[in-house]
Visitor: 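Got a structure for you, questions after.
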Amino acid sequence: SMAWARKSLALAETVADRRVMAGARSVLGTAMMFVDYEAGCEHMVQALAAARELGLHGLVATTLGNLGSGSGELYRFAAAELWLRENIAYATSQERDSSTHYATAWMALCDLHRGRWDDAAAHASDAIARAESESTTHVMALIALGRLRVRRGDPGAVDALDRALALANASGTLQRLAPVRAARAEAAFEQGDLVAARREAEAALPLALTKKHPWFIGELAYWCWRSGGRQPTPDDCAAPYALQIAGRWREAASVWAELGCPYEQARALVDGDAAAQSEALAMFDALGAKPAADALRRRLREAGVRGVTRGARRATREQAFGLTSRELEVLQLLCGGLRNAEIATRLHRSVRTVDHHLAAVFAKLGVDSRLEAIQAAERAGLAAKNGQAPVPN
């Protein structure tokens, strides 16, 4: 890709074709960022400046999207978020919906890794609801939603990841297959099915090794190792995963902390001593990662560690779903027959804010529509049914 882009750029320069030069530089940077991140980004920034000057709106949106999603794929989530936000604002202003939706799906993935799980749920649900079906946007949003449900212990994780796999298989690309398989490996591991976890990871690892993609290699190799595989750490394995596989959990946790990934940091600390595990438990509790917290809490107690916290008390049905008080209020107004605009008026909030609250509610309930949300709320006693009051807690 870089070789062809350089040829195109050289030819365009001989005839001063600035449009082709901008496009070639964007492609060159997109490929190069996976070899030399800083140099690749510089090419794309130059392409952006030229595309804006020439009014090449499609190229601006594409380049911003590649800067955002590529940075996210390389675990540079802070940079990814900045580019994705700019991409969403620009694409929205130009009514380029597909670009807006794809960037929103990637925002969900960034939110997930950075520990902003309510935001991840809202962005993923928004992307799924608005994007055309059978799209790459759906793949990435479903991955975010599936992983979030696994980590929170919410229902619907398997369905989301099954849908993501079907779409990823149709694409046949590493960019879709590796993150789906990694997410499914994590889901199987959390269910205690080590055979399935290793099978999922091994399904995409050979392709990742062929492409020498460090982060895809790293996570897939991590799940192979975690599920019982003892093969040597592959070449080109991303640092935190290589460190953890090598048993250097403290260094791995430090790298995850620098990357701003609290869940992965806590997961590395679990491999440490009792003090590190207690730190991990506090992090899991703060994130709302109930399955990981419960498993670690049992492990500490079985090891005879004293003073293990009980965790958050789940006294109400809404807490069982992880709903905030505002989300519960929005859900109950939805069940009362109010539309989003009416809910916004009742709560003195913007319609967009209500949209985000409902997206988070749908994700936590594991539903995809207003009707399903109402039915789930009625079954759980969170809202009135047939004119009756909610079931008391």
Side-chain angles (χ1 to χ4, degrees), residues 19 22-23 26-27 29-30 44 47-73 77 79-112 116 118-146 148 160 163-164 166-168 170-171 173 175-176 179-180 339-341 343-344 349-363 367-370 372-373:
R19 288 173 174 263
S26 177
V27 172
T30 299
M44 282 192 278
L48 268 178
R52 289 183 190 277
E53 183 180 344
L54 295 168
L56 303 177
H57 303 300
L59 183 58
V60 172
T62 298
T63 305
L64 286 171
N66 287 339
L67 277 163
S69 62
S71 296
E73 204 171 294
F77 296 114
E81 184 177 332
L82 292 175
W83 290 119
L84 291 168
R85 289 191 185 281
E86 186 174 350
N87 186 20
I88 290 169
Y90 185 86
T92 300
S93 72
Q94 296 296 321
E95 298 184 345
R96 294 183 175 274
D97 293 343
S98 61
S99 183
T100 301
H101 300 154
Y102 187 66
T104 302
W106 259 103
M107 279 294 296
L109 288 164
C110 290
D111 290 331
L112 174 73
R116 300 196 297 256
D118 284 346
D119 290 340
H123 280 128
S125 297
D126 185 54
I128 291 169
R130 296 177 185 275
E132 295 181 2
S133 60
E134 307 299 315
S135 68
T136 53
T137 290
H138 275 76
V139 179
M140 309 317 290
L142 286 166
I143 292 169
L145 201 56
L148 179 60
R163 290 170 60 192
L167 294 172
S171 79
T173 62
Q175 281 183 301
R176 315 301 165 207
V180 170
R339 308 303 298 174
N340 291 22
I343 296 173
R349 295 290 186 273
S350 69
V351 175
R352 185 174 182 84
T353 297
V354 171
D355 289 344
H356 283 305
H357 282 313
L358 281 176
V361 168
F362 284 14
V367 302
D368 296 312
S369 70
R370 299 170 74 88
E372 290 176 351

Visitor: Distance from F362 atom CZ to I128 atom CD1, nearest 0.5 Å?
Guide: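 That separation rounds to 12.0 Å.
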
Visitor: Measure across W83 and S71 and return the closest heavy-atom pair with its distance rounded to 0.1 Å.
Guide: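 Heavy atoms only, the tightest pair is CD1-OG, 4.2 Å.
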
Visitor: Kindly state each residue pair satisfying salt bridge (Lys or Arg N to Asp or Glu O under 4.0 Å) with at least one member in residues 96-110, sequence neighbours excluded.
Guide: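 Found none.
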
Visitor: How long is the span from the OH atom in Y102 to the OG atom in S69, to the nearest 0.5 Å?
Guide: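 Rounded to the nearest 0.5 Å, the OH-OG separation comes to 4.5 Å.
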
Visitor: Can a side-chain donor-acceptor contact be found between S99 and N87 if the only test is distance below 3.5 angstrom?
Guide: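 Yes, because at least one side-chain N or O of N87 sits under 3.5 Å from a partner of the opposite role on S99.
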
Visitor: Tell me every residue that passes side-chain contact (heavy atoms from CB on, under 4.5 Å) with S125, counting only those two or more places apart in sequence or in another chain.
Guide: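 S125: side-chain contact (heavy atoms from CB on, under 4.5 Å) contacts with L145, A359, A363.
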
Visitor: Which is it for L48 and Y90 under the side chain to side chain contact (heavy atoms under 4.5 Å, CB included) test, yes or no, and what are the steps along the way?
Guide: CA-CA 12 Å; L48 268 178; Y90 185 86; over 6 Å; no

Visitor: Between A80 and G72, which heavy-atom pair has the shortest distance, and what is it?
Guide: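 Here A80 and G72 meet closest at CB-N, 3.5 Å.
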
Visitor: CD of Q94 to NE2 of H57: how many Å apart, nearest 0.5 Å?
Guide: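 Nearest 0.5 Å value for the CD-NE2 distance: 4.5 Å.
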
Visitor: Could you state the interatomic distance from CG (L358) to OG1 (T353), rounded to the nearest 0.5 Å?
Guide: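 The OG1 atom of T353 is 11.0 Å from CG of L358, to the nearest 0.5 Å.
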
Visitor: Compare every heavy atom of G23 with every heavy atom of L59, then report the nearest pair and how far apart it is.
Guide: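 Shortest heavy-atom separation between L59 and G23 comes out as CD2-N, 3.7 Å.
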
Visitor: Counting distance only, does the side-chain N/O of T92 pair as donor-acceptor with the main-chain N or O of A89 below 3.5 Å?
Guide: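 Checked: no pair found.
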
Visitor: Walk me through it: do H356 and D126 pass the test side chain to side chain donor-acceptor pair (under 3.5 Å)?
Guide: CA-CA 8 Å; H356 283 305; D126 185 54; 5.9 Å; no

Visitor: Tell me yes or no: between the side chains of R352 and N340, is some donor less than 3.5 Å from an acceptor?
Guide: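 No donor-acceptor contact under 3.5 Å links the two side chains.
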
Visitor: Looking only at side-chain N and O atoms, does S135 offer a donor or acceptor that is under 3.5 Å from a partner on H138?
Guide: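 Note: H138 and S135 side chains meet the donor-acceptor criterion.
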
Visitor: Quick one: salt bridge (Lys or Arg N to Asp or Glu O under 4.0 Å) pairs with a partner in residues 79-90, sequence neighbours left out?
Guide: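 Salt bridge (Lys or Arg N to Asp or Glu O under 4.0 Å) check on residues 79-90 returns R52-E86, E81-R85, E81-R114, E81-R116.
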
Visitor: What's the shortest heavy-atom distance between A47 and A22, and which atoms?
Guide: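 Taking A47 first and A22 second, the nearest heavy atoms are CB-O, 3.5 Å.
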
Visitor: I'd like to know whether R176 forms a side chain to side chain contact (heavy atoms under 4.5 Å, CB included) with L167, so could you lay out the CA-CA distance, the side-chain angles of the two residues, the decisive distance to 0.1 Å, and finally the verdict.
Guide: CA-CA 8 Å; R176 315 301 165 207; L167 294 172; over 6 Å; no

Visitor: Restricting to non-hydrogen atoms, name the atom on S98 and the atom on T137 that form the minimum distance, rounded to 0.1 Å.
Guide: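 Closest approach of S98 to T137, heavy atoms only: O-OG1, 4.2 Å.
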
Visitor: Please name the pair of heavy atoms, one in P179 and one in M140, separated by the smallest distance, quoted to 0.1 Å.
Guide: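 Answer, listing the atom of P179 first, then M140: CG-CE, 4.3 Å.
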
Visitor: At what distance, to the nearest 0.5 angstrom, does CD1 of I88 lie from CH2 of W106?
Guide: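 Here the rounded value is 13.0 Å.
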
Visitor: If only atom types and distance count, is the side chain of S171 paired as donor or acceptor with the main-chain N or O of A168 below 3.5 Å?
Guide: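 Side chain of S171 to backbone of A168: a pair is present.
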
Visitor: I need the F77 CZ to L84 CG distance, nearest 0.5 Å.
Guide: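 Separation between the atoms: 10.5 Å.
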
Visitor: Could you tell me whether D355 and R349 have a side-chain N and a carboxylate O separated by less than 4.0 Å?
Guide: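 R349 and D355: not salt-bridged.
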
